[in-house]
Amino acid sequence: MSDDFDLVVLGGGPGGYAAALYGASAGMSIALVEEQRVGGTCLHRGCIPAKELLQTAEVLRTVRGASEFGVVSSQPALQLATTQARKQQVIDRLTSGLESLLKGRKVTVVPGTGVLAPDGRSISVSDGSMVRGRNVLVATGSVPRGLNVDGLAFDGTTVLSSDDVLQLAEVPGRVAVIGGGAIGCEFASFLVDAGSEVTILEALPQVLSGVDQQVAQTVLRAFQKRGIKTHTGVRVGGFDGSALRFEVNKGEERLAVDKVVVSVGRSPRSENVGLDGAGVKVDERGYVAVDGNMRTNVDGIYAVGDVVATPQLAHVAFSEAIVAIKTMLGETPAPLDYDKVPWGIYCHPEVAFCGLTEAQATDRGYEVETSVHRWMGNGRALIVGETDGMVKVVAERGGPILGVHVAGPWATELIAEAYLSVNWEATPADVGLLIHAHPTLSELFGESVLALTGRSLHG
């Protein structure tokens, strides 16, 4: 194959295909090596399929609560096979669109498993071909992390990874979710709505570690009302196929379950990729070491996405890809500020945040002031019947907004305005008097910021 490519991308997930699309739009000749269909974990085994299942859960909740709005209907029943078929339709449509985009920009997609050759410029493909470029970008992604605990190796039947949960053919009766992070809470939220009896086991003192404590407590209370049991500070001891042993509060308990979902994070997919042979530095956890421009220690080799030690989010991979391409083109992009990255968690209630939590800001020496407004006072939230949660704004006294944390209806959509405010280091005075349409959910952010100016309207 031609060795005239400006860039060869190893991996067709969000980081890889974003680099290909952005680089091609800048006139670069690009080859992309992908062992399956383009789209990566996000499109096929992560963001998209998980959110489709969570949307099904929202429809179920809406129909179940229809009588509160005077709409009379029978109690809904979930046909999981139909949900799974619809999920696949969404995935296929997005994948076809992405394939068309790549073709339209004349990106050469090379099917097969690729391995970086020792010369650091070539990719050896499983079909025997070799692809060479002036630059190489490693975007091999991540895989579900397992637990080295007796009886908890993934088997796809009883002990499930995140990949396995997305392929469930039947709703299990009793489920333990090991890991109360973003993915674990999303699965717990879907499963309880689908009809499972759900227990979350989290090793840390708080579910949704990294989320502002007030927001995490709001989610925990909402989960308890929905029947989700949660144990924190847990040490899992083992699983015998029917009961899970764990220690909590210095005592051992046994939990009878039908399925165990292990959701303790994802590991970078950096082994067997050829990085060692090419001299690319990898840290002790398996992440490829990069600088602020996504450059590895080997000239001409870059890495982005889940294979580097940055937030494992598709939109972060998109932005890292842009930084890498600009660097290859000789431009001087500003490195990403990972502190300010917007996060979205699609459990019910939804959670979204960007910037520093109150505790983080205090630990960094800021003189902090906060404003908290709850949905129960928002007209649109009352209309839609979703009043659990809050908007919390963290600011430096007399200075900029440092962080915004939302739990409640459509939090993942509302965070965009907050991210702009935090990223541009806007002050409460800059944002507080901006007009928000009424009645909308977005008003609550406006009210929360306005209160930090020393004057407020409704709260």
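Note that this is a predicted model, so its numbers are computed, not measured.
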Minimal non-hydrogen separation, [X] against [Y], with atom names:
X      : Y      : result
Tyr287 : Gln312 : OH-NE2, 3.8 Å
Pro333 : Asn293 : CG-ND2, 3.7 Å
Ser96  : Arg37  : OG-NH2, 3.6 Å
Ile91  : Leu43  : CG1-O, 3.4 Å
Glu350 : Ala411 : OE1-N, 3.1 Å
Tyr17  : Leu32  : CA-CD1, 3.9 Å

Salt bridge (charged side-chain N to carboxylate O under 4.0 Å, His left out): pairs with one or both residues in residues 388-406, sequence neighbours excluded: Asp212-Lys392, Lys225-Asp388, Glu358-Lys392, Glu367-Arg397, Glu369-Arg397
Qualifying residue for side chain to side chain contact (heavy atoms under 4.5 Å, CB included) with Val211, from Ile345, Thr357, Thr218: Ile345
State, yes or no, whether a side-chain contact exists between [X] and [Y] at a heavy-atom distance under 4.5 Å.
X      : Y      : result
Ser142 : Val307 : no
Thr199 : Thr230 : no
Glu443 : His438 : yes
Leu98  : Leu21  : yes
Val260 : Val175 : no
Ser162 : Arg266 : yes
Leu80  : Val171 : yes
Ile178 : Leu244 : yes

To the nearest 0.5 Å, how far apart are [atom1] in [X] and [atom2] in [Y]?
X      : Y      : atom1 : atom2 : value
Thr387 : Met376 : OG1   : CE    : 6.0 Å
Thr412 : Leu414 : OG1   : CG    : 8.0 Å
Arg364 : Asp339 : CZ    : CG    : 4.0 Å
Leu402 : Lys340 : CG    : NZ    : 9.0 Å
Cys354 : Leu420 : SG    : CG    : 9.0 Å
Leu382 : Trp375 : CG    : CH2   : 11.0 Å

Side chain to side chain contact (heavy atoms under 4.5 Å, CB included) between Val406 and Met390, intermediate numbers included: CA-CA 6 Å; Val406 185; Met390 67 179 74; over 6 Å; no
For [X] and [Y], indicate whether the former's side chain and the latter's backbone hold a donor-acceptor pair under 3.5 Å.
X      : Y      : result
Glu386 : Arg380 : no
Thr140 : Arg269 : yes
Thr440 : His436 : no
His231 : Lys229 : no
Ser209 : Gln206 : no
Glu34  : Gly12  : yes
Asp430 : Thr427 : yes
Lys87  : Leu166 : yes
Glu247 : Asn249 : no
Arg86  : Ala81  : no

So does [X] have more than 12 non-hydrogen atoms from other groups sitting under 6.0 Å from [atom1]?
X      : atom1 : value
Glu271 : CD    : no
Gln75  : CD    : yes
Glu197 : CD    : no
Glu170 : CD    : no
Tyr366 : OH    : no
Glu58  : CD    : yes

Ignoring hydrogens and angles, state whether a donor on the side chain of [X] or [Y] is under 3.5 Å from an acceptor on the partner side chain.
X      : Y      : result
Tyr338 : Glu320 : yes
Arg64  : Ser73  : no
Ser421 : Asn423 : no
Ser161 : Asp164 : yes
Ser456 : Glu447 : no

Ile401 vs Val394, side chain to side chain contact (heavy atoms under 4.5 Å, CB included): CA-CA, chis, key distance, verdict: CA-CA 6 Å; Ile401 299 169; Val394 179; over 6 Å; no
Trace of the side chain to side chain contact (heavy atoms under 4.5 Å, CB included) decision for Val262 with Val159: CA-CA 7 Å; Val262 178; Val159 181; 3.9 Å; yes
From CA spacing to verdict: side chain to side chain contact (heavy atoms under 4.5 Å, CB included), Val110, Thr108: CA-CA 6 Å; Val110 182; Thr108 300; 4.2 Å; yes
CA sep, side-chain torsions, deciding dist, call: Ser267, Arg145, side-chain hydrogen bond (donor to acceptor under 3.5 Å, both in side chains): CA-CA 5 Å; Ser267 299; Arg145 181 181 299 140; 3.3 Å; yes
Criterion side-chain hydrogen bond (donor to acceptor under 3.5 Å, both in side chains) on Thr95 and Asp92, from CA distance to verdict: CA-CA 5 Å; Thr95 305; Asp92 289 343; 5.3 Å; no
Residues Asp240 and Arg245 bridged, charged N to O under 4.0 Å: no
Aromatic plane relationship, His405 with Phe353 - under 30° parallel, 30 to 60° tilted, over 60° perpendicular: parallel
